[in-house]
Amino acid sequence: DDNRLIVKGTRLVDEERARRSERPRGKFLRSFSVPASVDQGSIGADYKDGVLQIRLPKRTEQKAQKIEVKIS
């Protein structure tokens, strides 16, 4: 939205396995600027094994077109 990528969620901690945690828990919100060179319609994300991977594919650049101009 408006060239911004917003990631929000909640970190949960398994109380049975974690005796002491160095990482914060609870709700979070992060906002990033997305450059104009990113194809915003193709942004994707995967969450696996506790890792969030965000893909920001570049747009295919349009090549300059050659136009022939006839002078009469």
Side-chain angles (χ1 to χ4, degrees):
D1 190 25
D2 290 332
N3 295 334
R4 307 285 297 162
L5 173 65
I6 299 171
V7 178
K8 63 181 175 177
T10 304
R11 280 190 197 100
L12 300 176
V13 176
D14 186 3
E15 297 292 335
E16 294 176 9
R17 292 178 30 185
R19 292 184 179 195
R20 180 177 170 180
S21 176
E22 297 291 328
R23 296 183 183 184
R25 57 183 162 190
K27 293 182 180 183
F28 66 90
L29 178 105
R30 300 289 185 271
S31 178
F32 305 93
S33 295
V34 177
S37 61
V38 171
D39 181 6
Q40 293 186 14
S42 299
I43 293 175
D46 293 315
Y47 182 77
K48 184 178 178 182
D49 297 327
V51 178
L52 177 64
Q53 182 179 26
I54 300 173
R55 291 178 311 282
L56 303 170
K58 288 185 176 182
R59 288 185 186 177
T60 54
E61 294 185 28
Q62 294 181 348
K63 295 182 179 179
Q65 295 180 359
K66 198 178 221 184
I67 300 174
E68 203 173 306
V69 178
K70 294 182 180 182
I71 303 173
S72 40

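With sequence neighbours excluded, the residues satisfying side chain to side chain contact (heavy atoms under 4.5 Å, CB included) with S37 are P35. Residues meeting the salt bridge (Lys or Arg N to Asp or Glu O under 4.0 Å) test with R30, sequence neighbours left out: none. By the side chain to side chain donor-acceptor pair (under 3.5 Å) test, S33 pairs with R4, sequence neighbours left out. With sequence neighbours excluded, the residues that form a side chain to side chain contact (heavy atoms under 4.5 Å, CB included) with L29 are I6, K8.
Sorted by first and then second residue, the pairs that involve residues 37-55 and meet salt bridge (charged side-chain N to carboxylate O under 4.0 Å, His left out), not counting sequence neighbours, are D46-R55.
The cluster map of Ile, Leu, Val, Met, Phe, Trp and Tyr, joined by side-chain heavy atoms under 4.5 Å apart, puts F28 and V51 in different clusters.
The side-chain heavy atoms of F32 and I54, taken from C-beta on, include no pair separated by under 4.5 Å.
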Report task. Check step by step if side chain to side chain contact (heavy atoms under 4.5 Å, CB included) holds for N3 and Q40. Result -> CA-CA 8 Å; N3 295 334; Q40 293 186 14; 2.6 Å; yes
